[in-house]
Amino acid sequence: LPSISLEWGDVLGITVYNMPQLNRTAVVGSNGTLLLSYFPRPLEVNGKTAQDIGQEVASELKNRQVLLDPQVSVAVLRVESKPVVVGGDVRTPQVLQEMRPLRLLDALMLAGGPANTAGDSVLGTRTDSAGSGISYDLPLSKVMSGTDPNSNIWVKPGDTIQVLPNQEVYVAGDVNHAGAFPLGRNQRLTVSKLMALTGGWKADAKPGK
């Protein structure tokens with residue numbers, strides 16, 4: 001499992017071994033900093049892991065000659081609730097609360113997996129550390145295979161995941177096989193190719209019209 005980056009509102013427990021007077025419980029501030037009373041300046045912690053913060057606190061204690069070889073442990077006591085929403089063409093849309101680290105495939109399976117009407121695109125949106133919205137568009141088939149880490153990515157708290165519906169083109173009239181034809185991911189479908197999929201015109205058809 002990956003180390004999860006910390007964000008504002010998360011509650012941390014800082015333990016300095018053999019120095020209980022330095023133990024603290026602290027909250028990551030909205031500006032991405034952590035304020036500890038024995039440091040004159042807040043620590044920049046936004047996007048860092050608990051392990052990163054423990055190493056930084058230990059380094060600061062050593063630089064300030066508080067301890068020669070400080071051993072620091074940082075535990076996440078509470079994660080600020082940032083639910084993951086899984087919707088679109090899934091069998092049971094879900095809001096996942098305070099979850100353990102999950103791959104995208106795991107999140108989709110918790111929502112019952114893709115519905116029969118699902119297409120081949122998974123659209124996700126998330127907010128980066130600067131507060132800007134970013135999105136990702138991934139092929140559902142690769143996500144569901146579970147073998148491509150570039151597609152089956154780690155889900156982050158606050159993500160919104162949508163399985164997009166299948167895109168179809170409908171053909172009616174005097175063709176041999178009228179009906180709906182899937183338009184795959186990033187596929188360009190010409191009229192001539194579409195006519196080939198229908199099996200061509202019937203004998204009494206008027207292609208000029």
Side-chain angles (χ1 to χ4, degrees), residues 1-13 25-34 43-53 74-170 180-187 189:
L1 296 179
S3 297
I4 299 302
S5 298
L6 298 170
E7 299 181 13
W8 70 269
D10 295 344
V11 180
L12 308 180
T25 298
V27 180
V28 178
S30 58
N31 57 352
T33 62
L34 190 70
L43 298 177
E44 296 286 341
V45 299
N46 198 41
K48 296 180 180 178
T49 66
Q51 183 178 4
D52 294 336
I53 296 169
V74 176
V76 181
L77 303 181
R78 182 174 64 83
V79 176
E80 179 66 17
S81 180
K82 299 180 182 69
V84 172
V85 178
V86 186
D89 270 26
V90 292
R91 297 182 188 278
T92 53
Q94 298 284 329
V95 178
L96 308 176
Q97 297 280 359
E98 295 189 4
M99 57 181 195
R100 62 180 176 82
L102 292 176
R103 291 275 190 180
L104 185 53
L105 173 58
D106 300 323
L108 292 179
M109 295 312 294
L110 286 173
N116 293 333
T117 55
D120 193 32
S121 288
V122 181
L123 182 64
T125 56
R126 64 175 50 150
T127 302
D128 63 16
S129 58
S132 301
I134 58 176
S135 63
Y136 52 85
D137 184 356
L138 301 168
L140 178 62
S141 56
K142 288 188 176 181
V143 174
M144 297 304 295
S145 74
T147 59
D148 181 8
N150 293 323
S151 297
N152 188 25
I153 61 175
W154 291 103
V155 174
K156 293 186 176 182
D159 279 9
T160 297
I161 302 165
Q162 296 284 327
V163 175
L164 301 185
N166 191 24
Q167 302 296 311
E168 295 180 326
V169 177
Y170 297 89
F181 297 86
L183 184 62
R185 178 185 175 84
N186 298 325
Q187 179 181 348
L189 192 60

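The shortest non-hydrogen separation linking Val163 to Ala118 is CG1-CB, 3.7 Å. The nearest pair of heavy atoms linking Val28 to Leu12 is CG2-CD1, 4.1 Å. When all heavy atoms of Ser151 and Val143 are compared, the closest pair comes out as O-CG2, 3.6 Å. Contact between Val84 and Gly158 at its shortest, heavy atoms only, is CG2-N, 4.0 Å. Between Leu34 and Ala26, the shortest heavy-atom distance links the atoms CD1-CB, 3.5 Å. Between Trp154 and Arg126, the shortest heavy-atom contact is O-NH2, 3.3 Å.
Of the listed residues (Thr92, Leu96, Leu105), just one forms a side chain to side chain contact (heavy atoms under 4.5 Å, CB included) with Leu110, and that residue is Leu96. Residue Ile161 is tested with Thr125, Leu138, Leu123, Val86 for a side chain to side chain contact (heavy atoms under 4.5 Å, CB included); the sole match is Val86.
In this structure, CG on Leu164 lies 6.5 Å from CG on Asp137, to the nearest 0.5 angstrom. Here Ser135 contributes atom OG and Asp159 contributes atom CG; the two are 11.0 Å apart, rounded to the nearest 0.5 Å. Distance check: Leu102 CG to Ile153 CD1 gives 12.0 Å after rounding to the nearest 0.5 Å.
Between the Gln94 side chain and the Ala111 main chain, no donor and acceptor come within less than 3.5 Å of each other. Side-chain atoms of Arg103 come within 3.5 Å of backbone atoms of Asn152 as a donor-acceptor pair (strictly under, hydrogens ignored).
Within the 4.5 Å cutoff, the side chain of Arg91 has heavy atoms near those of the Asn116 side chain. In this structure, Thr117 and Pro165 have side chains that are not in contact, with every pair of non-hydrogen atoms separated by 4.5 Å or more. Between Leu140 and Asp120 the shortest side-chain heavy-atom distance falls below 4.5 Å.
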